[in-house]
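Both backbone and side-chain heavy atoms feed into the values below; hydrogens, waters and symmetry mates do not.
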Amino acid sequence: MILRADSIQKRFETRWVLRDASLSLSTGEIVLLMGANGSGRTTFAQILATLIHPDRGEVRFEGEPVGKRPSGINRRPVTA
């Protein structure tokens, strides 16, 4: 597992945008996020890209929580 998101939740003011979103990706897999306008696709993608932090849940890259070193994740090479 190269990227794993478990029980991601995000709220903006009083509105929940994501509730318990999870994802597991291995090397070579491709994902398409689909949903209606306002369903949280962009927010989920931004959390996975470490651009914003979830209110709850955890994202791991190569087994390491991204919240501890978000600036370093984007610069690390992907290992097979």
Q | From E62 atom CD to I2 atom CD1, the distance as rounded to the nearest 0.5 Å | A | 4.5 Å
Please tabulate, for the side chains in residues 30-46, all donor-acceptor contacts under 3.5 angstrom to protein atoms that are two or more places apart in sequence or on a different chain.
| from | atom 1 | to | atom 2 | distance (Å) |
| --- | --- | --- | --- | --- |
| S39 | OG | A36 | O | 2.7 |
| R41 | NH1 | G35 | O | 2.3 |
| R41 | NH1 | A36 | O | 2.9 |

(Q) Using the salt bridge (charged side-chain N to carboxylate O under 4.0 Å, His left out) criterion, which residues pair with R56? Sequence neighbours excluded. (A) none
Per-pair distances, 0.1 Å, donor-acceptor, side chain in residues 14-26, under 3.5 Å, sequence neighbours excluded:
| from | atom 1 | to | atom 2 | distance (Å) |
| --- | --- | --- | --- | --- |
| D20 | OD1 | Q9 | NE2 | 2.9 |
| S22 | OG | S7 | N | 3.0 |
| S24 | OG | R4 | NH1 | 3.3 |

Q) Shortest non-hydrogen contact from P54 to K10? A) CA-CD, 4.3 Å
Q | Residue among L48, V66, T27 satisfying side chain to side chain contact (heavy atoms under 4.5 Å, CB included) with L3 | A | L48
Q: Identify, with sequence neighbours excluded, every residue that meets salt bridge (charged side-chain N to carboxylate O under 4.0 Å, His left out) alongside R11.
A: none
